[in-house]
4 protein chains.
Amino acid sequence: MAAAMIAQDLTQHTVVPSHELPAKLGRKRDLNRDSEILAAALEVLAETGYNGMTIDMVAARAKAGKATIYRRWPSKAELVIDAVACMKRQEGVADSLPDTGNLRGDLIAMIKPHSIDDGQRKFQIMAGVLAMIGQAPELAEAANAAIVQPRATANRMLMQRAKDRGEIAADCDIDTLSLVTPSMIAHRILLLQKPVDRDFLISLIDGVLLPALGIPAPKPTPGP
Amino acid sequence: MAAAMIAQDLTQHTVVPSHELPAKLGRKRDLNRDSEILAAALEVLAETGYNGMTIDMVAARAKAGKATIYRRWPSKAELVIDAVACMKRQEGVADSLPDTGNLRGDLIAMIKPHSIDDGQRKFQIMAGVLAMIGQAPELAEAANAAIVQPRATANRMLMQRAKDRGEIAADCDIDTLSLVTPSMIAHRILLLQKPVDRDFLISLIDGVLLPALGIPAPKPTPGP
Amino acid sequence: MAAAMIAQDLTQHTVVPSHELPAKLGRKRDLNRDSEILAAALEVLAETGYNGMTIDMVAARAKAGKATIYRRWPSKAELVIDAVACMKRQEGVADSLPDTGNLRGDLIAMIKPHSIDDGQRKFQIMAGVLAMIGQAPELAEAANAAIVQPRATANRMLMQRAKDRGEIAADCDIDTLSLVTPSMIAHRILLLQKPVDRDFLISLIDGVLLPALGIPAPKPTPGP
Amino acid sequence: MAAAMIAQDLTQHTVVPSHELPAKLGRKRDLNRDSEILAAALEVLAETGYNGMTIDMVAARAKAGKATIYRRWPSKAELVIDAVACMKRQEGVADSLPDTGNLRGDLIAMIKPHSIDDGQRKFQIMAGVLAMIGQAPELAEAANAAIVQPRATANRMLMQRAKDRGEIAADCDIDTLSLVTPSMIAHRILLLQKPVDRDFLISLIDGVLLPALGIPAPKPTPGP
DNA sequence: GCCTAACCGAGACGGTACGTCCGGTCTTTTT
DNA sequence: AAAAAGACCGGACGTACCGTCTCGGTTAGGC
């Protein structure tokens with residue numbers, strides 16, 4: 001978390017009066033290296049998993065020295081935590097929610113090929129990262145915020161809109177239901193190792209979400 | 001999985017004619033060591049996580065030599081998988097399905113106090129198991145069979161009984177729904193790091209499963 | 001110094017009653033590795049000098065792991081010290097002194113091609129080793145004992161014999177004179193970087209040693 | 001050697017017309033830094049040896065930046081060579097040859113008290129210089145010129161004078177003999193690590209040099 | 001009862017990654 | 001333009017762990 005927070009601090013507090021700190025001397029840290037190293041770490045992480053990933057690999061791919069990495073993060077674990085957390089920042093959190101007028105249309109409109117591929121990659125990164133959750137509990141928080149929360153939030157907003165317009169009952173447990181899809185996706189990718197294709201997502205919507213919200217399933221699943 | 005299966009083989013097929021195999025000579029393997037080593041592995045796993053766990057730690061705690069461990073399991077990963085599988089066997093999830101006459105009663109009867117008590121320990125161990133998926137994808141199936149499938153199977157059997165007695169509709173997607181609870185539990189334990197307590201499980205039953213199956217929630221579940 | 005001394009202890013005190021030490025368990029240390037590693041270290045040292053030498057190079061050449069080296073020597077410096085000290089043991093210290101009847105004949109008989117080449121190699125090793133004399137004073141002692149003392153001792157014995165038979169005066173400073181040749185050789189190899197050939201050694205004998213001992217130079221240096 | 005020569009050039013040719021060179025712009029190089037850095041280098045060298053010495057240490061002690069050092073010397077090795085050369089220049093070995101009328105008096109007059117006092121310091125420094133010979137053979141000549149040659153030249157001049165006035169024979173090998181003292185000193189300092197005190201130098205003169213030149217020892221040098 | 005082979009604890013072994021440190025270069029700000 | 005400060009790349013150091021192999025000693029069978 002360290003470097004990212006420092007970066008935030010620097011970009012947010014540029015107007016801090018310079019007489020407070022002792023007027024930093026010497027060459028400035030190249031802030032571009034931060035993101036380049038994080039990107040390289042994510043690539044290696046997705047390819048080899050946490051244990052397979054090597055600091056030298058990351059350094060080589062980012063064309064950086066090991067010291068440059070260890071100057072920013074105190075250990076491999078913290079680098080990975082930050083890399084996962086940085087995934088969250090890359091994407092616009094709720095980038096243009098669909099609005100088709102009814103909940104089923106909205107949920108299905110969320111299924112975009114790009115979204116599927118991207119999700120696949122992220123969950124594979126998560127698989128590699130799970131190796132160290134026992135040692136670094138804050139990693140769990142980062143992974144949740146980066147991978148699961150964006151999807152859950154989108155689901156919750158769609159369902160809240162449906163509730164607002166009276167499409168579903170007011171006493172539905174939206175918070176719990178919005179986590180069903182991400183949880184099932186994680187299980188399918190991590191343990192079943194099956195692809196998260198359109199059919200699977202539709203079966204989730206029509207077999208779990210909509211029934212649980214009291215909306216009857218539409219027609220016997222027409223083809224794409 | 002290796003040693004456990006060998007152990008099963010040995011105990012089950014003691015009558016195999018000895019002339020088939022090259023007439024095992026020498027001292028017999030001490031079968032007690034298997035369980036002692038697995039227990040030691042579970043302890044260390046829970047305390048340090050997968051990456052923090054060391055074969056030497058396990059050997060020291062079990063007062064065994066490393067060779068004694070590697071004679072039984074080919075790698076650290078397989079040892080851990082087997083340790084988790086053995087844990088599940090101890091507990092016997094689906095050994096006695098409840099039968100209260102209605103689905104909600106059955107599902108709630110499945111919630112046993114000790115599920116909550118040792119939830120924290122299982123969190124560590126499950127995280128450890130999931131850790132190796134990135135390195136050894138073939139172990140994902142084993143982890144799934146050991147951890148998720150027992151609970152999913154129990155759920156499916158209960159729902160099938162409910163369907164048989166007409167309590168729920170015939171076209172319900174039981175296969176998908178039976179995976180909802182385990183998936184949500186895994187997410188809660190691994191990423192949210194919150195305890196899987198009775199309230200959470202009841203909110204799953206009343207907020208997701210029963211509504212999705214067309215059974216109205218019983219009472220408005222008085223909030224805290 | 002560590003490993004060599006342990007080795008000496010082991011070979012010398014084999015008859016020590018076994019109940020004194022706690023009866024060493026586990027695999028025995030392979031004593032052959034000691035000498036193989038030291039030999040590899042000497043090779044690398046002669047080729048690249050102290051700073052150029054790498055523990056990985058030594059390990060690779062000795063087909064050993066780094067841990068095997070660090071189990072025996074606590075640091076690169078101590079390994080080099082031991083390697084230099086081990087040179088001394090390799091050669092028979094005073095392997096067959098010549099006896100031609102007069103001192104000049106003895107001294108010249110010591111000049112053998114094999115001896116010259118061997119000396120060249122040793123002084124080159126010494127050059128590589130001088131890099132760390134400031135940090136490890138005991139290295140100086142080892143280098144002196146391994147490289148300079150054997151030659152000085154041979155010289156001193158030849159001169160003592162000459163003194164015993166009355167060839168040279170009784171009050172000659174043999175101890176000092178026996179060090180002249182090694183010192184001049186070291187200077188020639190290390191600083192002048194010129195070869196130590198037969199002519200140079202003869203000029204030392206006839207231009208310094210014999211005159212200082214009161215023996216007149218023979219004829220105007222006949223050819224070889 | 002580089003910076004010292006530049007410094008000499010600059011101090012000698014201050015009157016060179018400025019239009020000959022490309023009209024040096026900007027701040028002038030602070031020539032005081034040269035000697036301050038060299039002094040700092042000598043201190044660190046004497047304290048830690050060549051390998052122990054760090055450019056950062058030198059920079060910190062001289063309150064200089066690393067770039068300021070590397071602007072003047074191309075490498076750590078050359079800096080050390082120059083530091084030693086500068087030390088020799090400070091002391092001015094052959095600035096005033098003694099002339100007592102006979103060779104023994106001249107040689108003994110060369111023994112100055114401070115040669116003994118700072119012997120220990122020079123030991124460390126010389127060891128440091130010899131250290132780099134293995135890596136940069138071209139520096140051997142420089143080290144030889146800075147350390148050994150001044151003393152050898154002084155010896156040769158004294159002996160030549162003695163030869164000129166008929167004190168010693170005309171066919172003495174002066175070139176070889178003039179190197180005996182420096183070589184023996186180097187051996188005593190570097191390998192024996194004993195102080196180069198007055199007694200040792202007198203034993204060289206009376207036990208080696210004068211006998212080799214055909215001059216009988218004066219008195220039987222009373223033992224300690 | 002005794003031989004033989006496989007077992008056992010202990011730990012050395014080869015290999016590989018970690019996190020630190022240094023040499024030599026480059027960049028930023030100040031003088 | 002040179003100075004101080006310090007970030008940068010590359011690579012060696014010494015440590016720790018994995019999975020294998022070897023040691024002396026123990027425990028079964030089969031003769």
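Convention: sequence-line order gives letters A, B, ...; per-chain numbering from 1.
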Please report the distance, rounded to the nearest Å, between [atom1] in [X] and [atom2] in [N].
X       : N      : atom1 : atom2 : answer
B/Met57 : F/dC18 : CE    : C1'   : 13 Å
C/Arg61 : E/dG14 : CZ    : P     : 16 Å
D/Lys76 : E/dT25 : NZ    : C1'   : 17 Å
A/Asn32 : F/dC8  : CG    : C1'   : 14 Å
C/Trp73 : F/dT15 : CH2   : P     : 15 Å
B/Ile69 : F/dC18 : CD1   : C1'   : 12 Å
A/Asp34 : F/dA7  : CG    : P     : 13 Å
A/Asn51 : F/dA16 : CG    : C1'   : 14 Å

What string of B, S and - do you get for nucleotides 6-13 of chain E, 5' to 3', when a contact is any protein heavy atom under 4.0 Å?
BBBSBBBB
Phosphate oxygens OP1/OP2 of F/dT20: is one of them under 4.0 Å from a side-chain N or O of B/Tyr70?
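Negative; the distance criterion is not met.
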Pairs under 3.5 angstrom only: tabulate donor-acceptor contacts from the side chains of residues 62-69 of chain C to other protein residues two or more places apart or in another chain.
none

5' priority, DNA chain E, between A/Ile55 and D/Ser75 [closest heavy atom]
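Per heavy-atom nearest nucleotide, the more 5' residue is A/Ile55.
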Can you confirm if the NZ or CZ of C/Lys76 lies within 45° of the ring axis of C/Tyr70 and under 6.0 Å from the centre of its six-membered ring?
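Cation-pi check for C/Lys76 and C/Tyr70: fails.
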Is C/Glu47 salt-bridged to C/Arg61, going by a charged N under 4.0 Å from an acidic O?
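So C/Glu47 pairs with C/Arg61 through a salt bridge.
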Least distance between heavy atoms, B/Val80 atom then B/Met53 atom:
CG2-CE, 3.6 Å
Whether D/Ser35 side chain and D/Asn32 backbone form a donor-acceptor pair below 3.5 Å
yes
Should A/Val44 and A/Thr54 count as side-chain neighbours, where that means a heavy-atom distance under 4.5 Å?
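Heavy-atom side-chain distance check fails, nothing below 4.5 Å.
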